[in-house]
Amino acid sequence: MNPSCPINQTAIWAQLHQHQRSTRFLHMRDLFRQQPDRFAQMHEQLNGLLLDYSKNRITEDTLTLLIELANIADVRGWTDKMRRGDKINVSENRAVLHTALRLPPHAVVYVDDQNIVPDIHHELERAYCFAESVRNGEYTGAHGERITDIINIGIGGSHLGPEMVTLALRPFQQTGLNIHYVANVDGANLMQVLDTVNPATTVFIIASKSFTTPETLLNAQTARNWFLQQGMCEVDISRHFIAITSAVTKAQAFGIIPEHIFTMFDWVGGRYSVWSTIGLSVICAIGKENFQNFLAGGRAMDEHFFHAPLRHNIPVLLGLIGLWYHTFYTTTSHAIIPYDHGLRRLAAHLQQLDMESNGKQVSRYGERLDFDTGPIIWGEEGVNCQHAFFQLLHQGPRLISSDFIVPINSFYHISTQHKVLAANAFAQTKALMHGKTLAEAYAELMHLDNKSRDIMAPQKVFPGNQPSNTLLLDEINPFNLGMLLAMYEHKVFVQGIIWGINSFDQWGVEYGKVLAKNIEPELSTNSPLHHDASTNGLIDYFRKHHHD
Ligand code: F6P
């Protein structure tokens, strides 16, 4: 799409609106009745991953129209631009090459006339060597003791991805090496971790692409002060503090030696960076081979995304179906529900991935978009969430789509529990789709008198027709997790391209940062305040009640 022909002025856009109006009263219960092979027609498989998208408010016609939309928006052309290193992050004049991080060493991708693949592998090899020496005990603390704890200090993309992957791959983690994550500038986050570690056996990884993020720098400084207060010396800093950044001189100014600075590249966005040296904490946790399998999983999904026909392309299908709801049904949210305790931070990672990428209402050409775009992403691990928010999914007034992610096998060989877990996931998607009619509710209440049945039956109705995708994975291993995360990255990409958004900048988080910087000194003085009445009142109240 270009500015002269916005996507919402195309004929296909109008056709999709018309199609939504004419199909919106179809119930999935009837669609399944009319199409007994609906699962066979509407699932895709790639290696150990299966996507069932049959429980959606779609027909073959819907898919045909949506794929036409993807063609008109030139999803394929934009994908090619991304993977060959064109500067598609136009507002920051940057290439977008997280897919290059997953390429084998012999691949070639040029940015500004330079093949970037050797640099990627050079930095990854440095990270593997460092992690290996920590894991095998060769790398010791300043007093010669084995490293027992790694603390990753970073926020946003320098935290969410690595933390989520480390938690998800816990069965692959080396015992005796504890990995901690500190993100929040709330001192409680750092202090609660520091309380559990010995400075002589701890390595701090300061993970910040820009090395300017105030929360990270403050936590790093507090960690450094704590380290020195614990009887460690200034010279010991060089052994215990590591940095991952693209701002090498800033990390050096903090006191980190060049050998301990791992480079991040300008063309990787924070929320896409877990595949880079930002994954150092993950590499320390699971080792080189497992991390390479994680990259290989991402690459397998890339290859599928680049080459599979759109009608059978997993990220494209997920992107189009999501867009169908958010733009044409104007739904506002999408839930991520992993039936896996290890994936309990997946929704948090995908919140940043999706909402920081597509939470925008202005096109990459600066035009206001007058249709609904990026959804609110939220979620929680199953089955816990069934006892929290599922009531609203089943009987609330809103259309809410969701993704159920279910591993078929668990590393914890308690098969009885795993079958209960899986049965719950399958039952929920069935209930959400099928619902329960008033007649069915009445039939269940035959033991009551008529008046009580009239009161109770409507309360027992489940409207159903609530859409969901189900993703089955053989197990949560590095390869499958790599496929899953890359799948979501491409899903978000597809939606951003069709909406005409630049999914790779994040101007929306800047404004609050600037205001916070101005307000912070005001909390320590009695200078007159010049904000709105609410902000003035809150600062004033804080000043009166805060104890240093
Ligand atoms: O939240 C804004 C943001 O810029 C994210 O995009 C990024 O992941 C995060 O801050 C951390 O940035 P950095 O790695 O530069 O500290």
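Along the sequence shown, residues are numbered consecutively beginning with 1. In listed order, ligands and their atoms are each counted from 1. Just so it is clear, the values below take in all heavy atoms, side chains as well, and ignore hydrogens, waters and symmetry mates.
Paired with Gln173 under the rule side-chain contact (heavy atoms from CB on, under 4.5 Å), one option of Asn178, Leu167, Thr166, Asn290 passes, and it is Thr166.
A 6.0 Å sphere centred on CD of Gln221 holds more than 12 heavy atoms belonging to other residues, nucleotides or ligands.
A salt bridge is absent between Arg364 and Asp505: the closest approach of a Lys/Arg side-chain nitrogen to an acidic carboxylate oxygen does not fall below 4.0 angstrom. Using a 4.0 Å cut-off between charged nitrogen and carboxylate oxygen, Arg344 and Glu163 do not count as a salt-bridge pair. A salt bridge does not link Asp370 with Arg368: every distance from a Lys NZ or Arg NE/NH1/NH2 to an Asp or Glu carboxylate oxygen is 4.0 Å or more.
Listed by first then second residue, pairs satisfying salt bridge (Lys or Arg N to Asp or Glu O under 4.0 Å) with a partner in residues 198-225 read Arg224-Glu234, not counting sequence neighbours.
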Kindly print each ligand 1 N/O atom paired with any protein N/O atom under 3.5 angstrom away, one pair per line, or none if nothing qualifies.
from, atom 1, to, atom 2, distance (Å)
ligand 1, 1 (O), Glu356, OE2, 3.1
ligand 1, 6 (O), Glu356, OE1, 2.7
ligand 1, 8 (O), Gly157, N, 2.7
ligand 1, 8 (O), Gln352, NE2, 3.2
ligand 1, 12 (O), Thr213, OG1, 3.4
ligand 1, 14 (O), Ser158, OG, 2.7
ligand 1, 14 (O), Lys209, N, 2.8
ligand 1, 15 (O), Lys209, N, 3.4
ligand 1, 15 (O), Ser210, N, 2.8
ligand 1, 15 (O), Ser210, OG, 2.6
ligand 1, 15 (O), Thr213, OG1, 3.4
ligand 1, 16 (O), Ser208, OG, 2.6
ligand 1, 16 (O), Thr213, OG1, 2.5

